[in-house]
Amino acid sequence: MNAYDFAELTLFITGPISLRPEVRQAALLPEFGHRDSENLKRFVPIFRHLRTIAGLDGDGGYEVIVFNGSGTTVMEASIRSLVADGETVLNVSMGAFGDLYHKLAVANGKLAVQHRIPAGRTIDLAELDGLLEAHAPAVVTITHNETSTGVMSDIEGACALVRKHGALPLVDGVSIFGATDVRIAEARPAMYCTSTQKALGLPAGFGIAFVAREAEEKAAAVTNKGYASDLLAQLGRSRKHQTLTTPNGALANQMFVQLSYIVEEEGVAARFARHVALRDMAHAWVESRPDLELFAPEGFRSPTMTAVTAPQGSTPEKLRTFKEAMRTEGYLFDPGYGKVNDDLVAQGARPIFRIGHMGDMGLDTLERYLEVLGRRLDDLA
Ligand SMILES: *Cc1c(COP(=O)(O)O)cnc(C)c1O
């Protein structure tokens, strides 16, 4: 199978992730026509299972869209379709992916205000209240799980506050959906954006959106939504369990197989519990070592990845060299998000590295990795 000298590494980055063998195999299932009845055999269960994983088994007031593209495509569509001319969008950023939402707003010509929270901190609701008061935004973007820092946010608290000020909350849940109960029905974002290649354990290629009824109403009043970024055009197709444009059929087959596995074999509750166990294992390992510290604040630590303050004397460059040492052990180590580490170092702080533990990773795989990581770090010291 592997005749191309491609390294078979176990990925401990924060997406993409290592695939189950069954998911790799599923790429070999038959191709199909996306406007044919065969499409329904894949996409009816895909849509149903996405609702189950989202906790939206009933209607819940949300519709599901599968986008060609990735998480960014869905985030861009949310901006393009839900922020009207003359309105302000407030982009609350806890790191690189919060910054991405702002970039998308600016690139699409929207009136955008960015609020940046220092890396390693989460949203402070009192501070958010003040920002909402000061800027009176029509739309607010929030990152559920900031992948560049491993910090989660309280989306229920933040969305409620945003609504209290009469604005629409949009949530980027790209790196957490599929690992935990994201409580969309309780948080009530106007739109929740995610994608396939992180906690769902699939290759990249589809973005996924959960869209509230009010978002559809809002989109009807927004002009210049583009085409593929127009939620109304997308909803027209998703109501037929189709994608707007031709989907990657191999990925659709893989998604059918993987989501069926998650819902019918592993079980959604068991999957969420496994991610908690992975997180706890990573935390216990960090806490067992005097040279390391957890970067994210207690109570806001991600279930899909652990950000670790690197040992004294570490530099971003040393972490990149360390990544190559880990490669020789068969692992793809994550040396931290470039810009976050450059900023930390500029402030005189130690850089971070990340341990991605999402998708279908078993506890045994993480345990082996931590053992090797610990041994290699000891060699370094
Ligand atoms: C990976 C990631 C994105 C970007 O998603 P793509 O699928 O690569 O477009 C956006 N937000 C967060 C929080 C992410 O982790």
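Atom set for the values below is all heavy atoms of this structure, side chains included, hydrogens, waters and symmetry mates excluded. We count ligands from 1, going down the list as the structure has it; atoms in each ligand are counted the same way.
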List for me each residue that meets salt bridge (Lys or Arg N to Asp or Glu O under 4.0 Å) alongside Asp230, sequence neighbours excluded, and say none if there are none.
none

Which residue pairs satisfy the salt bridge (charged side-chain N to carboxylate O under 4.0 Å, His left out) criterion with at least one member in residues 63-84, sequence neighbours excluded?
Glu63-Arg213, Glu63-Arg239

Would you find a donor on one side and an acceptor on the other, under 3.5 Å apart, between the side chain of Asn108 and the backbone of Lys110?
no

Residues in the immediate environment of ligand 1 (any heavy atom closer than 4.0 angstrom):
Ser70, Gly71, Thr72, Met75, Phe97, Asn145, Thr147, Asp172, Val174, Ser175, Ser195, Gln197, Lys198

Glu317 versus Thr315, side-chain donor and acceptor atoms under 3.5 Å
no

Distance-only check: which donor-acceptor pairs under 3.5 Å involve side-chain atoms of residues 24-34, not counting sequence neighbours?
{"residue": "Arg24", "atom": "NH1", "partner": "Glu8", "partner atom": "OE1", "Å": "3.3"}
{"residue": "Arg24", "atom": "NH2", "partner": "Glu8", "partner atom": "OE2", "Å": "2.7"}

For Thr141 and Asn91, test the side chains for any donor-to-acceptor distance below 3.5 angstrom and give the result as yes or no.
yes

